[in-house]
K.L.:
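Dropping the structure in here first, questions after.
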Amino acid sequence: MPEAPVVLHAQGVSRRYAKGVMALSPVDLTVREGEFVTLLGPSGCGKTTLLRLMSGLDVPTTGTLTRAVDEDDLSYVFQDATLMPWASVRTNVRLPVDLTRGSGKRSAADAAQAVATALERVGLSDFADAFPRELSGGMRMRVSIARALVTAPRLLLMDEPFGALDDITRQHLDDELLALARKHRLTVVFVTHNVFEAVYLSTRVVVMSARPGRIVEDVNNDAPMRDAAFRGSPDFAMRAARLQAALLKGQQPGGQQPGALSAAGIGDTQP
Ligand code: ADP
Ligand code: MG
């Protein structure tokens with residue numbers, strides 16, 4: 001099978017903030033169409049920094065970042081739902097359509113249809129007229145995802161979107177996200193510090209070290225079925241343990257340097 005087209009390519013990308021804070025060591029990373037890549041690392045390691053660079057919200061201090069989709073074709077989901085409290089769910093979800101630049105505005109009927117479709121995708125069709133304060137945390141996050149989907153993006157960048165939710169709600173949303181990503185063949189870059197969420201969602205996990213973040217390990221995470229049985233399986237536990245070990249290695253000063261580890265799959269047997 002030929003390799004899927006490259007969507008994102010980072011080469012030697014680093015970021016130093018004002019006052020000299022080195023947030024991200026030079027990173028090389030390629031993301032291909034249809035991949036679900038998770039950036040996994042401890043708090044403060046530069047995950048948000050890297051995601052913002054990928055989105056074009058920020059520019060690298062060194063290196064080059066190329067993106068094969070333009071900005072109308074990508075959506076960014078922030079850690080908090082960041083909804084407008086004074087506006088209905090419908091208006092919140094329509095925001096990116098109203099803001100979309102490019103050739104000509106969509107008609108009102110078009111926009112309404114796009115909003116209805118996005119709400120249906122996240123199971124909130126009945127809540128179009130509700131206000132954010134009337135919704136649970138999980139529902140607000142679903143509104144935020146509907147808002148990201150309303151422009152039918154090809155690339156979804158998500159910064160710890162479910163971090164503030166309880167486990168059960170998070171697991172539901174993980175399932176919904178996976179179904180959406182598959183159905184629409186989305187390319188997703190997802191940030192989390194949760195190894196279990198990383199194992200459950202990703203086709204690939206990029207493990208980052210403590211600040212200044214660098215890539216400690218790039219782990220293939222192809223797995224058969226993402227369902228309750230997978231979550232409870234020894235295979236799942238093994239994958240999580242391997243990621244946990246990589247995270248710990250990345251905490252140690254002078255730990256493994258990038259490139260020293262192969263991108264072997266978790267289940268691969270070592271000679
Ligand atoms: P993560 O998302 O992994 O928690 P961040 O990318 O937010 O990490 O931050 C990486 C490091 O850069 C942290 O030490 C953080 O304090 C610092 N940092 C983030 N944004 C800025 C900024 N705008 N100015 C200065 N330092 C920043
Ligand atoms: Mg962050």
Side-chain angles (χ1 to χ4, degrees), residues 8-29 31 36-65 67 74-83 137-138 140-141 144-145 147-148 155-167 169-170 173-174 177 187-202 204-219 221 240 243-258:
L8 278 168
H9 182 62
Q11 201 162 22
V13 165
S14 75
R15 182 68 168 99
R16 182 189 294 277
Y17 288 112
K19 295 191 184 137
V21 179
M22 192 64 186
L24 190 68
S25 297
V27 161
D28 296 324
L29 186 65
V31 177
F36 195 120
V37 176
T38 293
L39 307 177
L40 176 73
S43 159
C45 78
K47 302 182 297 297
T48 296
T49 298
L50 181 53
L51 204 66
R52 282 172 54 85
L53 292 170
M54 288 175 170
S55 73
L57 285 169
D58 189 17
V59 288
T61 308
T62 67
T64 53
L65 206 148
R67 209 178 54 215
L74 81 84
S75 287
Y76 194 102
V77 177
F78 296 90
Q79 180 155 8
D80 305 308
T82 60
L83 304 177
R140 282 200 287 268
M141 209 59 231
S144 167
I145 291 170
R147 184 181 54 189
L155 173 62
L156 202 51
L157 304 175
M158 309 181 84
D159 194 358
E160 307 208 42
F162 311 141
L165 304 174
D166 64 87
D167 270 357
T169 306
R170 182 164 50 73
L173 290 180
D174 283 348
L177 174 60
T187 307
V188 184
V189 182
F190 186 96
V191 166
T192 187
H193 58 259
N194 183 318
V195 290
F196 302 107
E197 190 171 42
V199 171
Y200 192 69
L201 290 175
S202 327
R204 212 174 120 203
V205 183
V206 172
V207 183
M208 293 173 67
S209 73
R211 189 171 73 85
R214 60 189 165 75
I215 296 175
V216 200
E217 220 169 314
D218 189 332
V219 185
N221 192 47
L243 291 182
Q244 192 65 49
L247 273 178
L248 283 175
K249 195 162 48 196
Q251 303 276 44
Q252 292 159 6
Q256 201 81 43
Q257 289 305 305

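In listed order, ligands and their atoms are each counted from 1. Numbering of residues begins at 1 and proceeds along the displayed sequence. As a basis for the values below, the full set of heavy atoms in this structure was taken, side chains included, without hydrogen atoms, waters or symmetry mates.
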K.L.:
Picking from L156, L201, L155, what satisfies side chain to side chain contact (heavy atoms under 4.5 Å, CB included) with V188?
P.N.:
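It is L156, the one option of L156, L201, L155 that forms the side chain to side chain contact (heavy atoms under 4.5 Å, CB included) with V188.
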K.L.:
Measure the distance from atom 9 (O) of ligand 1 to every protein heavy atom, then report the residue, atom name and distance (to 0.1 Å) of the closest one.
P.N.:
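Of every protein heavy atom, T49 OG1, 3.9 Å lies nearest to atom 9 (O) of ligand 1.
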K.L.:
Spell out, as yes or no, whether a donor-acceptor pair under 3.5 Å connects the side chain of S209 to the backbone of R214.
P.N.:
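Confirmed, S209 side chain pairs with R214 backbone.
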K.L.:
Check K47 against ligand 1 and report side chain, backbone, both or neither, counting heavy atoms closer than 4.0 Å.
P.N.:
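K47 to ligand 1: contacts from backbone and side chain alike.
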K.L.:
Can you tell if the side chain of D28 reaches within under 4.5 Å of the side chain of I215, non-hydrogen atoms only?
P.N.:
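No, side chains not in contact.
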K.L.:
If the cut-off is 4.0 Å to any non-hydrogen atom of R211, which atoms of ligand 1 fall inside it?
P.N.:
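Matching atoms, with element in brackets: 11 (C), 13 (C), 14 (O).
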K.L.:
Write down the atom of A23, the atom of T49, and the distance for their closest heavy-atom approach.
P.N.:
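Taking every non-hydrogen atom into account, CB-OG1, 4.0 Å.
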K.L.:
Has C45 got any heavy atom lying under 4.0 angstrom from an atom of ligand 1?
P.N.:
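C45 counts as a contact of ligand 1 under the 4.0 Å cut-off.
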K.L.:
Considering only heavy atoms of A23, which atoms of ligand 1 have at least one such atom less than 4.0 Å away?
P.N.:
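Every atom of ligand 1 under 4.0 Å from some heavy atom of A23: 10 (C), 11 (C), 12 (O).
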K.L.:
Please state which option from T48, D58, L50 has its nearest heavy atom closest to atom 2 (O) of ligand 1.
P.N.:
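Looking at heavy atoms only, the winner is T48.
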K.L.:
Would you say atom 18 (N) of ligand 1 makes contact with the protein, given that contact here means a non-hydrogen protein atom less than 4.0 Å away?
P.N.:
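At least one protein heavy atom is under 4.0 Å away.
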K.L.:
Counting each atom of ligand 1 from 1 as listed, which ones have a heavy atom of S43 under 4.0 Å away?
P.N.:
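Selected atoms, number and element: 4 (O).
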K.L.:
Check K47 with D159, please: is the shortest side-chain N to carboxylate O separation under 4.0 Å?
P.N.:
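No.
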K.L.:
Do any of the N, O or S atoms of T48 sit under 2.8 Å from the Mg ion (ligand 2)?
P.N.:
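For T48, the answer is yes, given that an N, O or S atom comes within less than 2.8 Å of the Mg ion (ligand 2).
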K.L.:
SG of C45 to CD of Q251: how many Å apart, nearest 0.5 Å?
P.N.:
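Separation between the atoms: 9.0 Å.
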K.L.:
State if A18 counts as touching ligand 1 under the rule of any non-hydrogen atom under 4.0 Å.
P.N.:
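Judged by the 4.0 Å heavy-atom criterion, A18 does not count as contacting ligand 1.
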K.L.:
Rounded to the nearest 0.5 Å, what's the gap from CE on M22 to CZ on R15? Could you check?
P.N.:
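So the CE of M22 and the CZ of R15 are separated by 10.0 Å.
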K.L.:
Would you sort out whether D218 and L29 count as a side chain to side chain contact (heavy atoms under 4.5 Å, CB included), showing the intermediate values?
P.N.:
CA-CA 9 Å; D218 189 332; L29 186 65; 4.2 Å; yes
K.L.:
For atom 26 (N) of ligand 1, grab the closest protein heavy atom and report residue, atom and distance to one decimal in Å.
P.N.:
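The answer is Y17 CD1, 3.4 Å.
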K.L.:
Any N or O of V21 that comes nearer than 3.5 Å to an N or O of ligand 1?
P.N.:
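No, there is no polar N/O contact under 3.5 Å.
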K.L.:
Do you see a protein non-hydrogen atom under 4.0 Å from atom 22 (C) of ligand 1?
P.N.:
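Yes; the ligand atom in question has protein heavy-atom contact below 4.0 Å.
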K.L.:
Distance to 0.1 Å, residue and atom name: give those for the protein heavy atom nearest to atom 8 (O) of ligand 1.
P.N.:
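Protein heavy atom with the smallest distance to atom 8 (O) of ligand 1: G46 N, 3.2 Å.
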K.L.:
Could you tell me whether the side chain of N194 reaches within less than 4.5 Å of the side chain of F162, counting heavy atoms only?
P.N.:
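A side-chain contact under 4.5 Å is absent here.
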K.L.:
Is it true that the side chains of T192 and R170 contain a donor and an acceptor less than 3.5 Å apart?
P.N.:
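Side-chain D/A pair, T192 to R170: absent.
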K.L.:
Looking only at non-hydrogen atoms, which of G44, G41, G20 approaches atom 10 (C) of ligand 1 most closely?
P.N.:
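The option holding the nearest heavy atom is G44.
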